[in-house]
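Worksheet: the structure to be examined is printed underneath.
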Amino acid sequence: IASVLIVPGMGGCSGGGDAAGSGPGADVRALTGAPTRVVWVQSEDNDPRASGERLILMGLDTQDGRGERVILSERRSYVKPMITPRGNRIVFSTRVEPGPPEIFIVNWDGTGLRRLSAGFALAVWENPVDESEWIYAGSDNTKHDFATVTRFPIDAPDKRDLVWSATPVSMDTFQVSADGRFAAGLFPWPQAGIADLRKGTVTRLGDGCWTALTRARGPLFWYFDGAHRNLTM
């Protein structure tokens, strides 16, 4: 599972990359049409769900000419790594089983690793009013479902606001609209839908998994059916 950040204004901040699109990362740059960063986890074991503790954190920056590289080499649990809206840091959590999960942050270059909070990082979000960066965190979990969702500024985890408690929320695919009013997700799995975070209501659109919500031309919501044979938008 990878997190991808496309930042049209990021070109030049990394140095070294070939704007024409040759060298490491050229295929990714050609696909996205803009400077792009990608983060993912890699296992040395048979761990297709990346649920174990023998993982490393990997990254790719199309602009620095380095190709794929290790961000954190210590073998541990890295669950759902997400690139922050500004593109300079990565947020990840530890596994919920046996738990309890915890939220960590690290700089893109692998420095500054620190624990932020208890809970599980479901989403990162940029406030369009002041460009502050926020984390939406799940807590009070039963296996992979969370009873409550709160949010806090990335560098002030003690300043929490309750966002959602009307239904359980599944961990994998909770995403927030650009204005912060709506969230897409599983409420809980397999009930895919859109939550109105202000009203505390959810509109269920079908049964499935791996929901996604785009903000670029959106909002546009999708979900897979249970067999992963059909995609509904």
Side-chain angles (χ1 to χ4, degrees), residues 1-6 32 49-51 79-85 91-93 95-97 99 101 103 117-154 157 159-233:
I1 303 169
S3 173
V4 181
L5 184 71
I6 301 170
T32 63
R49 293 184 178 272
S51 58
V79 184
K80 197 176 181 180
M82 296 177 288
I83 304 172
T84 58
V91 173
F92 66 89
S93 303
R95 60 182 183 164
V96 297
E97 294 182 293
I103 302 171
S117 171
F120 186 90
L122 294 167
V124 292
W125 176 74
E126 182 179 66
N127 188 327
V129 176
D130 59 8
E131 298 183 343
S132 58
E133 297 177 305
W134 294 69
I135 292 176
Y136 284 70
S139 55
D140 305 312
N141 66 297
T142 301
K143 292 187 176 180
H144 301 100
D145 298 329
F146 298 91
T148 55
V149 179
T150 58
R151 72 176 187 178
F152 57 85
I154 280 183
K159 298 180 179 179
R160 288 180 179 261
D161 299 325
L162 178 64
V163 173
W164 183 260
S165 61
T167 68
V169 172
S170 296
M171 62 181 277
D172 289 322
T173 49
F174 184 89
Q175 291 177 292
V176 182
S177 63
D179 61 5
R181 177 171 180 177
F182 300 98
L186 301 169
F187 298 97
W189 178 86
Q191 301 172 49
I194 300 288
D196 188 320
L197 301 179
R198 295 179 186 173
K199 294 181 179 180
T201 59
V202 60
T203 302
R204 293 188 172 93
L205 300 176
D207 287 347
C209 57
W210 295 113
T211 60
L213 181 70
T214 178
R215 289 173 286 188
R217 301 177 182 174
L220 177 65
F221 171 73
W222 83 8
Y223 65 94
F224 279 120
D225 65 2
H228 296 185
R229 299 290 184 179
N230 299 284
L231 183 66
T232 300
M233 293 190 184

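Being a predicted model, the structure only gives us computed values, none of them experimental.
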Shortest non-hydrogen contact from T167 toward R204: CG2-NH2, 3.8 Å
Kindly write out the residues that satisfy side-chain hydrogen bond (donor to acceptor under 3.5 Å, both in side chains) with S132, not counting sequence neighbours, or none if the list is empty. D130, W134
Salt bridge (charged side-chain N to carboxylate O under 4.0 Å, His left out): pairs with one or both residues in residues 224-233, sequence neighbours excluded: none
Mind listing the side-chain donor-acceptor pairs of residues 175-188 below 3.5 Å, one per line with the distance, residues two or more places apart or on another chain?
{"residue": "Q175", "atom": "OE1", "partner": "L213", "partner atom": "N", "Å": "2.8"}
{"residue": "S177", "atom": "OG", "partner": "D179", "partner atom": "OD1", "Å": "2.6"}
{"residue": "S177", "atom": "OG", "partner": "R181", "partner atom": "N", "Å": "3.4"}
{"residue": "S177", "atom": "OG", "partner": "F182", "partner atom": "N", "Å": "3.1"}
{"residue": "S177", "atom": "OG", "partner": "F182", "partner atom": "O", "Å": "3.3"}
{"residue": "D179", "atom": "OD1", "partner": "R181", "partner atom": "N", "Å": "3.0"}
{"residue": "R181", "atom": "NE", "partner": "D196", "partner atom": "OD2", "Å": "3.3"}
{"residue": "R181", "atom": "NH2", "partner": "D196", "partner atom": "OD2", "Å": "3.1"}

Can you find a heavy atom in the side chain of P101 that is under 4.5 Å from one in the side chain of N141? yes
Counting only N and O atoms by type, is there a donor-acceptor contact under 3.5 Å from the side chain of Y223 to the main-chain atoms of L205? yes
Under 3.5 Å, side chain of R95 to main-chain N/O of S51, donor-acceptor pair present? yes
Minimal heavy-atom distance between I103 and A118, with the atoms involved, is CD1-O, 4.0 Å
Contact between P85 and V124 at the side-chain level, heavy atoms closer than 4.5 Å - yes or no? yes
Contact between F174 and V149 at the side-chain level, heavy atoms closer than 4.5 Å - yes or no? yes
d(T214 OG1, L220 CG) to nearest 0.5 Å is 6.5 Å
Please assess W125 against R151 for the test side chain to side chain contact (heavy atoms under 4.5 Å, CB included), listing each intermediate value before the final yes or no. CA-CA 9 Å; W125 176 74; R151 72 176 187 178; 3.3 Å; yes
Side-chain donor-acceptor pair present, T148, S139, cut-off under 3.5 Å: yes
Specify the closest pair of heavy atoms between M82 and A121, including all atoms of both residues, with the distance to one decimal. CE-O, 3.4 Å
In terms of heavy-atom contacts, F120 and S93 come closest through CD1-CB, 3.5 Å
Would T211 and W222 count as a side chain to side chain contact (heavy atoms under 4.5 Å, CB included) if you check the C-alpha gap in whole Å, the side-chain angles of each, and the deciding distance to 0.1 Å? CA-CA 6 Å; T211 60; W222 83 8; 5.6 Å; no
Answer whether the closest heavy-atom distance between the side chains of M171 and F146 falls below 4.5 Å. yes
For residues S117 and F152, report the shortest heavy-atom separation together with the two atoms involved. CB-CZ, 4.3 Å
CD/E97: more than 12 non-hydrogen atoms of other groups inside 6.0 Å: yes
Would you call V202 and W164 a side-chain contact if the rule is heavy atoms closer than 4.5 Å? yes
Within the structure provided, determine whether T232 and F224 are in side-chain contact (heavy-atom separation under 4.5 Å). no
Quick check: do C209 and H228 have side-chain heavy atoms less than 4.5 Å from each other? yes
Do the side chains of H144 and W189 get nearer than 4.5 Å, heavy atoms only? no
If every non-hydrogen atom of G138 is compared with every non-hydrogen atom of L122, which pair is closest and at what distance? N-CD1, 3.6 Å
